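On a predicted model such as this, the values are computed, not experimentally measured, just so you know. Starting from 1, each residue takes its place in the sequence as its number.
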Amino acid sequence: MTKEHKGTASGKLAAFLLVIILLVDQVTKVLVKTNMTIHESIEIFSWFKILFIENNGMAYGMELGSKLLLSLMRIALIAILSRYVILEIRNRARLGYIVCLVMIVAGAVGNMIDGMFYGLLFDASTPYSVSSLVEFGTGYAPFLMGKVVDMLYFPIINTTWPDWMPLVGGEQFIFFSPIFNVADSSISVGVVTLLIWYRKELQQLSIEKIIGKRKKEETSETGETSQEK
């Protein structure tokens, strides 16, 4: 396979993976939001439940400043990462590295869709009523202010600390307690895989490198245009 064909194949795989992750993420979120009330739980196994919650924050329900600030930061991050993925595809980076980057971008976009459009498309979910689609723009929140839908809960260990334990004796202990979604999973798997298998690429990664590559491409394109003339 030539380098040109390799780049084309990587680009097609990246686009396919992006679409699949977004589809699975959004389908699961919409199904949960339109069929479950807030905090409603469906037990699949003792260690795995579908538990519907919503949050304003980052992955796994973390909070970071205001909702608007978080949304703007997500948009900026998605733009930078997307540009970098395109550059790495053009430069024929290792396929696994590209896949990890696409998983992170797809997860970020998946959660960004919630914030951008769910508040416009749905009425509010409550502990007493299931959300439904409404006329666009008449939902529970304005643009960029929608809540992220989470539902995957894995209480692998659910027990109580022994009474003799200082500070926590008699209190409940749950491992693993975060509630997350497909987008969060995609980001986490992508990041962990990068840290394990692609540390060399990460060590070379920087904003300056991205900008430098862009300038190099523009210079190359300008030179080619001049030669054609």
Side-chain angles (χ1 to χ4, degrees), residues 17-18 20-67 69-71 73-74 77-78 81 96-97 99-115 118 124-128 130-131 146-199 202:
L17 182 61
L18 178 69
I20 291 299
I21 293 174
L22 287 177
L23 278 176
V24 175
D25 178 61
Q26 290 302 307
V27 167
T28 54
K29 287 175 176 176
V30 171
L31 285 175
V32 167
K33 186 165 181 63
T34 57
N35 288 278
M36 298 177 67
T37 58
I38 286 287
H39 300 140
E40 181 178 351
S41 176
I42 300 175
E43 183 171 309
I44 308 301
F45 302 105
S46 60
W47 47 268
F48 172 43
K49 301 178 182 180
I50 304 297
L51 175 57
F52 176 31
I53 65 168
E54 292 181 311
N55 69 80
N56 291 317
M58 301 177 70
Y60 301 100
M62 293 184 291
E63 299 287 340
L64 180 64
S66 70
K67 176 65 178 179
L69 175 62
L70 178 62
S71 296
M73 288 177 61
R74 277 180 175 157
L77 177 61
I78 290 169
L81 287 177
Y97 183 59
V99 167
C100 291
L101 293 174
V102 170
M103 291 180 69
I104 296 171
V105 172
V109 172
N111 283 335
M112 190 67 245
I113 290 173
D114 295 30
Y118 277 30
S125 297
T126 75
Y128 313 103
V130 174
S131 177
K147 296 181 179 180
V148 177
V149 175
D150 290 329
M151 80 293 290
L152 303 177
Y153 180 43
F154 290 86
I156 298 173
I157 300 175
N158 190 347
T159 186
T160 302
W161 289 106
D163 291 335
W164 53 264
M165 288 285 291
L167 301 179
V168 296
E171 294 183 5
Q172 185 180 28
F173 170 73
I174 299 176
F175 178 87
F176 174 75
S177 61
I179 303 169
F180 53 101
N181 55 44
V182 173
D184 297 333
S185 302
S186 182
I187 294 172
S188 298
V189 172
V191 169
V192 171
T193 306
L194 283 177
L195 293 174
I196 295 175
W197 299 107
Y198 299 98
R199 284 176 289 183
L202 291 178

**Student:** Hey, could you give me the CE/CD distance between M151 and E40, rounded to the nearest 0.5 Å?
**Tutor:** 13.0 Å
**Student:** Check each of V32, I44, I50, I179 against L152 using the side-chain contact (heavy atoms from CB on, under 4.5 Å) test, and report the only one that passes.
**Tutor:**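 For L152, the side-chain contact (heavy atoms from CB on, under 4.5 Å) check succeeds only for I50.
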**Student:** First locate atom CD1 of I104, then atom CD1 of I78, and finally report the distance between them rounded to the nearest 0.5 Å.
**Tutor:**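 It is 12.0 Å, given to the nearest 0.5 Å.
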**Student:** Between CD1 of I196 and SG of C100, what distance do you get to the nearest 0.5 Å?
**Tutor:**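 Result: 9.5 Å between the selected atoms.
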**Student:** Quick one, I42 with Y153, criterion side-chain contact (heavy atoms from CB on, under 4.5 Å). Give me CA distance, side-chain angles, the key distance, then yes/no.
**Tutor:** CA-CA 10 Å; I42 300 175; Y153 180 43; over 6 Å; no
**Student:** Counting only N and O atoms by type, is there a donor-acceptor contact under 3.5 Å from the side chain of D150 to the main-chain atoms of E54?
**Tutor:** no
**Student:** Can you run down the side chain to side chain donor-acceptor pair (under 3.5 Å) pairs that involve residues 21-31, sequence neighbours left out, and say none if there aren't any?
**Tutor:**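 For residues 21-31: D25-K29, Q26-D114, Q26-Y118, K29-N111, K29-D114.
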**Student:** Tell me which one of I21, I20, L22 satisfies side-chain contact (heavy atoms from CB on, under 4.5 Å) with L18.
**Tutor:**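 Considering I21, I20, L22, a side-chain contact (heavy atoms from CB on, under 4.5 Å) with L18 is found only for L22.
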**Student:** Side chains of L101 and V99: does their closest heavy-atom pair fall under 4.5 Å?
**Tutor:** no
**Student:** Using side-chain heavy atoms (C-beta onward) and a distance below 4.5 Å, is V149 in contact with N181?
**Tutor:**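 Result no, sub-4.5 Å side-chain heavy-atom pair not found.
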**Student:** Between Q172 and N158, does a side-chain contact (heavy atoms from CB on, under 4.5 Å) hold up when you go through it step by step?
**Tutor:** CA-CA 7 Å; Q172 185 180 28; N158 190 347; 2.9 Å; yes
**Student:** About how many Å separate OH of Y128 and OG1 of T37, when rounded to the nearest 0.5 Å?
**Tutor:**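 Between T37 OG1 and Y128 OH, I get 10.0 Å after rounding to 0.5 Å.
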**Student:** Drop me the distance from S41's OG to L51's CG, to the nearest 0.5 angstrom.
**Tutor:** 5.0 Å
**Student:** Show the nearest heavy-atom pair for residues T160 and G170, with the distance to one decimal.
**Tutor:**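 What the structure gives for the nearest pair is CG2-O, 3.3 Å.
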**Student:** For a quick test of reading the model, state the closest non-hydrogen atom pair linking G107 to A183 and the distance between them.
**Tutor:** O-CB, 3.3 Å
**Student:** Is L202 close to L194 at the side-chain level, that is, under 4.5 Å between some pair of heavy atoms?
**Tutor:**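 The answer is yes; the side chains approach within 4.5 Å.
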**Student:** OH/Y97 to OG1/T193 distance, rounded to the nearest 0.5 angstrom?
**Tutor:** 13.0 Å
**Student:** Is a side-chain donor or acceptor of T34 paired with a backbone partner of V30 at a separation under 3.5 angstrom?
**Tutor:** yes
**Student:** Any chance you could lay out the side-chain contact (heavy atoms from CB on, under 4.5 Å) test for M103 and I187, step after step, and finish with the verdict?
**Tutor:** CA-CA 6 Å; M103 291 180 69; I187 294 172; over 6 Å; no
**Student:** Do I38 and F52 have side chains that approach each other closer than 4.5 Å (heavy atoms only, starting at C-beta)?
**Tutor:** yes
**Student:** When you measure from the side chain of N35 to the backbone N and O of L31, does any donor-acceptor pair fall under 3.5 Å?
**Tutor:**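 Judged by distance alone, yes, a pair lies under 3.5 Å.
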**Student:** Is the F154 to F176 ring centre distance short of 6.0 Å?
**Tutor:**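 Between F154 and F176, the centre distance exceeds or equals 6.0 Å.
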